[in-house]
Amino acid sequence: MTEASRSEHADDTRTALSSATIRRAFLDHVFHTQGKPPEHASQNDLYQALAHTVRDRLVQRWISTSEAYLDQPSRTVAYLSAEFLIGPHLGNNLINLGIYSEVEAAMQALGLDLEQILAQEIEPGLGNGGLGRLAACFMDSLATLEIPALGYGIRYEYGIFQQAIIDGMQVEKTDSWLRNGNPWEIQRSEWAVQVRLGGHTEHYTDDRGRYRVRWVPAKTVVGVPFDSPILGYRVNTVNTLRLWRAEATEAFDFPTFNRGDYLGAVSKKVTSENLTKVLYPNDETEQGKELRLEQQYFFVACSLQDMLRLLAADGMPVSRFHEKFAVQLNDTHPAVAIAELMRLLVDEHDLPWDEAWDVTRQAFAYTNHTLLPEALEQWPLPLFGRVLPRHLEIVLEINTRFLEAVRIRFYGDDSRLARLSLISEHGERHVRMAHLACVGSHAINGVAALHSRLMREDVLRDFHDMWPEKFTSITNGVTPRRWLALSNPRLSRLVTDAIGEGWVTDLERLRALEPFADDAGFREQWQAARRDNKVALAELVRDCTGVAIDPSSMFDVMVKRIHEYKRQHLAVLHIIALYHRIKSAPNLDLAPRTFLFGGKAAPGYEYAKLMIRFITSVADVVNRDPQLRDRLKVVFLPNFNVSCGQRIYPAADLSEQISLAGKEASGTGNMKFAMNGALNIGTMDGANIELCDAVGADNFFAFGLTAPAVYALRAAGYDPAAYYHRNPELRAVLGLIQQGFFSHGDPAVFRGLFDEHLRHDPYLLLADFGAYVECQQRVCEAYMQPQHWQRMSVLSCARSGHFSSDRAIREYCERIWRVKPVPVHLLHRASGTPRHADSGIRAGKGH
Ligand code: 26Q
């Protein structure tokens, strides 16, 4: 029996999974939901109708899931994240429901192309990059592992900006992802909550003689939850992603209204609704903007009130909050939750401070995602106090008690007190959110082994001295559903034919592919599948950029946010070196290469924007040079996002992971590439180290300074000029740039990128250049032996199983959350039928 026909019996027939029923339901939605006769339906109508058809099939499982959770109250993960970079829902839901081929057939029967319909979806880009995407992979794995979980975040009206490239430069456009509506969300107005902001506090003694604090806010906004279903792979579990939108209160500014200033009142309403208007497009840098703090507090306050409601629904007192919820802080963005829970427990639910503190610490855990000191969130004290006057008092109280404990543990060590304090005293005083997160959590983790070690030894060293038992490391992972099964059907089919389909939920099983690496017939099929992916990507590149690329050239890909520490410019220096070599020796035997770049620069990050301009300028020169006879091509693919990623990872031969060692916390692109059979070239940074270890040093092109070597080099006094003088090729490359060779003869254009900058060379570009170019030479030689390359490619995929987010989530469950699966059985009833035959339909707030 196939997966689809098996569930047919369990299903309400209206939402059955057979191709025929799906076709009927789809046509019904074209007509009744989109209001079009099929012959007049637009591509978007078709997408909306199919989305609703699939959604109907999720809802039944969604309701079964919430009823299972009600029947078996159990510890639930609350994943708090300011970002969820979910990507398109439809294709993923088809995969997880197990009906991709049925739907493809149903569409085909109607003369429609499923791929074309899927391409209509505007992806929810509610995140910047790695951190937001990790949250999305984790939601997929939690549901697949049948773990009760809620994702809490912000429903930004505008997600990460859309990037256009005009005259070689980044131009940002707003991302109005909701313009066609969103079939994947359900607004739950009945669970709206109020959130207070600003104002002042009043201290008083209540009628029972107890010391109390009252917060008198300056304004109140309403948080309205929008729920999206997150379906696990071939299970009935559908967890909820609950995103909050800010609205004005019903009685918004009544006094203004009464004074007859209608427009003034409306403009205040607009101000409240600004709160969730737009995602801040910075990653890794903190700007200290008031609205950003308001966003963070807003979603955290909404989410905690929601959790208290759910707790009460289980009949549990607030003093048992930590038994019901394991709250994970995705970086410090939601860390103000620690102060907010304290406020709720102490001020609003009368718990004694010490008891509230125990509950809080047992509930929270904190994941750190960065080692860059400039990325650690700090809020100027006056700003924090203005937005959250009561929380500032609570933070200061936490700090007083914490520093008291430190004073006892480390008597006389005043500098340690200053280092540990939640308040930094350098210049203007700041609240250090990472310190709040450490003190208020029972577990603290880094996202790769090296990162966790550097965290313990450097950024959070004093906290490690204090509580070594709190620290742990959980290496990131990515979901093989989206990043292999959905994005790479050709390779997936080949893998499944070879080793069965178990790998989708047990990625370590890919190891069974190892023997096939030595099977010439298999390698040929492998290469054919990957070649088809490259042809498809070449079409995309032609459509988006007009550049023709050759699918038989090596696709050398670097896609990620643009950052100086990630060193896109190092990759470009290598391209110029190759260009220079070919120009000097036109008969040089080099593997033809296509360099593909993609990634967004934060709009205010001038250096990163200049790096984009540098890439596109070099591309212009190289692509136009007839003497190169297409041996090198350089492309910048605009607007890299999840949908692009799904087409790029499967088509890459080589993946660039070349950050300066000690800077990239983990990286997750490296894992997506490896799973899809690309080879990584990379520094010993972040998860590259573990990935290299897993796939074997023969199948990973490692180069460059290690983190300890970087440290030692700096300690000894790093002199970039020495590298410059020692390496003639480096001099030639930089010389070309300085002459204006890539900027129409204008030497000024890229001066900001190199000249003065390289005198300090903060990311050790010059120190790693030689090793990088030499390593790329080894890449070239390997690529020129296709049998050898394909073998490495198979092995890279076969040994990537450790980097599944299922493994990562299992580790979180065991080591941090202490949660267990709650399997869900499909309720056998027609939609709309009340659960108990005699109960009828009562209007209620539900759950
Ligand atoms: C903070 C304050 C104000 C505005 C924006 C921000 C902000 C937003 C996003 C700060 C940081 C981020 C994102 C960070 C991020 O994506 N980090 C990456 O996390 C991945 C998942 O763990 C790792 O693989 C990457 O190494 C890490 O860079």
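The model shown is predicted, which means the values in this text are computed figures rather than measured ones. All ligand and atom numbering here is 1-based and tracks the order in the structure. Values below: every heavy atom of this structure, side chains too, minus hydrogens, waters and symmetry copies.
- Looking at G667 next to ligand 1, an N or O pair under 3.5 Å apart turns up.
- Under the ring-ring contact (aromatic ring centres under 6.0 Å, His included) criterion, F325 pairs with F321, sequence neighbours left out.
- No part of R133 comes within 4.0 Å of ligand 1, judged by heavy-atom distances.
- Set against the non-hydrogen atoms of A665, the atoms of ligand 1 under 4.0 Å away are 26 (O).
- By the 4.5 Å heavy-atom criterion applied to side chains, E172 and K609 are counted as neighbours.
- Residues W817 and I147 are not in side-chain contact: their nearest non-hydrogen atoms beyond the backbone lie 4.5 Å or more apart.
- Under a 4.0 Å heavy-atom criterion, R561 is not in contact with ligand 1.
- Within ligand 1, the atoms closer than 4.0 Å to a non-hydrogen atom of Y565 are 28 (O), numbered from 1 in the order shown.
- In this structure, R155 forms a cation-pi arrangement with F226, its terminal cationic atom sitting closer than 6.0 Å to the ring centre and no more than 45° off the ring axis.
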task = Take N282 and Y605 through the test side-chain hydrogen bond (donor to acceptor under 3.5 Å, both in side chains) and record every step on the way to the result.
result = CA-CA 8 Å; N282 316 307; Y605 185 1; over 6 Å; no
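- Ligand 1 has no N or O atom lying under 3.5 Å from any N or O atom of L134, backbone or side chain.
- When the heavy atoms of R292, Q296, M433, E377 are ranked by distance to atom 6 (C) of ligand 1, first place goes to R292.
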Report, one line per pair, each donor and acceptor closer than 3.5 Å where one atom sits in a side chain of residues 129-139; sequence neighbours left out.
unit_1, atom_1, unit_2, atom_2, d
R133, NH1, L85, O, 3.1
R133, NH1, I86, O, 3.0

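- Counting heavy atoms from C-beta outward, V395 and H435 have side chains that stay 4.5 Å or more apart.
- Between N282 and ligand 1, no N or O atom pair is found at a separation short of 3.5 Å.
- For K277 and E273, the salt-bridge test fails: no basic side-chain N is under 4.0 Å from an acidic carboxylate O.
- Residue G130 holds the heavy atom nearest to atom 20 (C) of ligand 1 of all those in C137, G669, G130.
- Closest heavy-atom approach to atom 9 (C) of ligand 1 within the set E83, H369, H451, K560: this belongs to E83.
- The N/O atoms of N476, backbone and side chain alike, include one that comes under 3.5 Å of an N/O atom in ligand 1.
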